[in-house]
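Below, each value reflects all heavy atoms present in this structure, side chains not excepted, and no hydrogens, waters or symmetry copies. Each chain gets a letter, A, B and so on, in the order its sequence line appears, and its residues count up from 1.
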Amino acid sequence: PYRQSERVDLYRQHAAKLLAEGKAYKCFCTPEELEAERRQAQAEKRPYKYSRRCLIDPPKDRIEFTVRFKVPGGEIKFTDMIRGEMTFDADLIGDFILMKSDGFPTYQFASPVDDAVMKITHVIRGEEHLSNTPYQLMIVDALGYERPSAYAHMPLILAKDGTKLSKRKHPEANLVLYREQGYLPEAMINYLALLGWNPGTVQEIFTFDELVRVFSFERVQHAGARFDWEKLNWINGEWIRAMDDAELARRLRPFLKQLDEATIMRAVPALKTRMVKLSDAASLLEYLWTDPPSPTLDAEAIERVRAAAAALRDVAWEPPAIHEALMRVVEASGLGPNKTFMPIRLTVTGKKISPPIDYTLALLPKEVAMQRISSVLA
RNA sequence: GGCCCCGUCGUCUAGUGGCCUAGGACGCGGCCCUUUCAAGGCUGAGAUCGCGGGUUCGAAUCCCGCCGGGGCUACCA
């Protein structure tokens, strides 16, 4: 079982062992009493450590208790793969709680027990756990287990405000969000790898396999790194542009439920350089399933559309043929291409921004396109 | 408060005593390309290397102090 809630017996057994060996003891103090101790210490400007009153003189008339670890004191040393030799003074650490009064373990206890029982060799986690390591090491030692062979504490990913990412305050901590918006897993891995680590070369785009090959703990940063959406966006765009059309079409499917596969496939080349994330495709192609409002065009614009409509009537409905026909209209007009293209774009999509006009038209069934065009000519 | 970690362009970073008048990337500005928007190409601005003292012929790089930020310090994980 991997859930802590399904392994409570395991923690209870380990706690019982420590209790039996006198390496832990029951504490009957109430939260209020502990709070009072803490305030007292603060008032006297002395660092707080649990008083050990329940070790020295436990009350007889109480039943609810927690299990506290009897901190042996002394120096705790270990090697961190990123930061080197670490030494902590355990005399500064008060007896901490292993089992809560509800019978569940604290993280500080469950974590080292899990690591030992699961035979974890490398403990790689965020820097917020650096100061927790001595706590956990003391437990591993007290339990008589072998210590994990290596620890590595990675720099924190910080929010824009410079504090540790938290689910409450920072939406970017929520992984589901990225999938929903169409950030590619490849891009996420790529970006996250670059946050707090660098290869020592100018390469920025990495596949997972490449990362496995070049990653090294020696090159990971010691300072926290701020999460930067802009850079993620760029990397995601790079991955989108580099992806082959069929694969991109496949990934686009959940974001373009209104369209059939063939249409998505035909749209891909036009979409590719215009998306920062997959969800961007929807607004670009919205006109395919939603009739745009009819635009207000001046007389000249209407003339341009009229000329285009005539030229398109007998044309094969593919981007090259459409392009050719439209360019003839543009040349005949003696005006810039935009004078013709923009009014068409506006009538067909309702927007000033769209893929190139030949693609924009070709993606729409010819009848629908021609109907939208003729509606402004009436 | 105590303990721990950290401090180079706005951001991610290169840099381990001279190659640094501090390099790259994202973002930002300009130009080019152009059918709008992107993409692409070129180009520019942007960091007195947190501050102050040392050491040294020479320091972003070594030492000390200070300041600043973050983390841990819970019957959260």
Side-chain angles (χ1 to χ4, degrees), chain A residues 4 27 29-31 34-35 38 41-49 64-68 80 82-83 86-94 96-111 125-135 153 155-158 160-164 167 191 194-205 219 221-235 237-238 240-241 270-276 280 284 323 326-327 330 336-346 349 351-360:
Chain A
Q4 281 183 5
C27 173
C29 295
T30 65
L34 295 171
E35 180 55 32
R38 259 191 294 272
Q42 202 177 351
E44 292 169 23
K45 296 196 170 198
R46 123 184 97 73
Y48 174 68
K49 252 174 93 173
E64 201 161 83
F65 64 90
T66 62
V67 177
R68 270 186 199 275
D80 186 274
I82 294 165
R83 284 156 229 273
M86 303 294 314
T87 304
F88 286 85
D89 183 358
D91 292 328
L92 266 20
I93 298 173
F96 54 97
I97 292 173
L98 264 22
M99 298 295 286
K100 301 186 263 183
S101 58
D102 62 5
F104 284 84
T106 59
Y107 162 79
Q108 213 68 274
F109 185 47
S111 175
R125 37 147 60 158
E127 195 201 301
E128 73 257 48
H129 291 293
L130 192 55
S131 348
N132 288 331
T133 306
Y135 291 69
H153 289 92
L156 256 20
I157 296 174
L158 273 18
K160 227 181 173 58
D161 62 9
T163 61
K164 179 174 95 159
K167 285 179 191 137
Y191 175 64
L194 256 21
L195 259 194
W197 172 85
N198 76 81
T201 66
V202 295
Q203 186 177 354
E204 301 244 46
I205 303 301
R219 295 199 68 87
Q221 223 68 237
H222 292 192
R226 280 172 216 243
F227 187 93
D228 181 15
W229 282 97
E230 296 297 339
K231 185 101 181 204
L232 203 218
N233 284 342
W234 175 73
I235 288 179
E238 288 286 301
I240 287 175
R241 275 166 246 134
L271 251 30
K272 216 170 191 176
T273 60
R274 279 164 251 267
M275 290 186 294
V276 83
D280 294 339
L284 247 13
H323 179 253
L326 252 23
M327 283 317 284
V330 167
N338 213 28
K339 290 280 189 220
T340 298
F341 296 161
M342 192 48 89
I344 301 176
R345 173 172 287 120
L346 241 25
T349 71
K351 294 175 182 179
K352 284 186 187 159
I353 295 169
S354 85
I357 199 66
D358 43 355
Y359 272 91
T360 299

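- Counting non-hydrogen atoms under 4.0 angstrom, A:Ile357 reaches a base of the nucleic acid.
- A distance of about 9 Å separates the C1' atoms of B:rU8 and B:rG15, rounded to the whole Å.
- Considering only side-chain N and O atoms, A:Asn132 lies nowhere under 4.0 angstrom from the phosphate OP1 or OP2 of B:rC72.
- When each of A:Leu130 and A:Arg46 is assigned the nucleotide of RNA chain B with its nearest heavy atom, A:Arg46 is the one assigned upstream, toward the 5' end.
- Within the nucleic acid shown, A:Gln42 has no heavy atom closer than 4.0 Å to any nucleic acid atom.
- A:Lys352 comes within 4.0 angstrom of a base, heavy atoms only.
- For A:Phe104 and A:Phe109, the gap between ring centers reaches or exceeds 6.0 Å.
- The side chain of A:Arg219 contributes an N or O atom lying less than 4.0 Å from OP1 or OP2 of B:rG15.
- Contact annotation: A:His222 side-chain N/O to B:rC5 OP1/OP2 distance is not under 4.0 Å.
- Dashed line: the shortest gap from a side-chain N or O of A:Lys100 to OP1 or OP2 of B:rA77 is under 4.0 Å.
- Between B:rA14 and A:Gln221, a contact under 4.0 Å exists linking OP1 or OP2 to a side-chain N or O.
- Nucleic acid contact for A:Gly196: sugar-phosphate only, since backbone atoms but no base atoms lie under 4.0 Å from a heavy atom of the residue.
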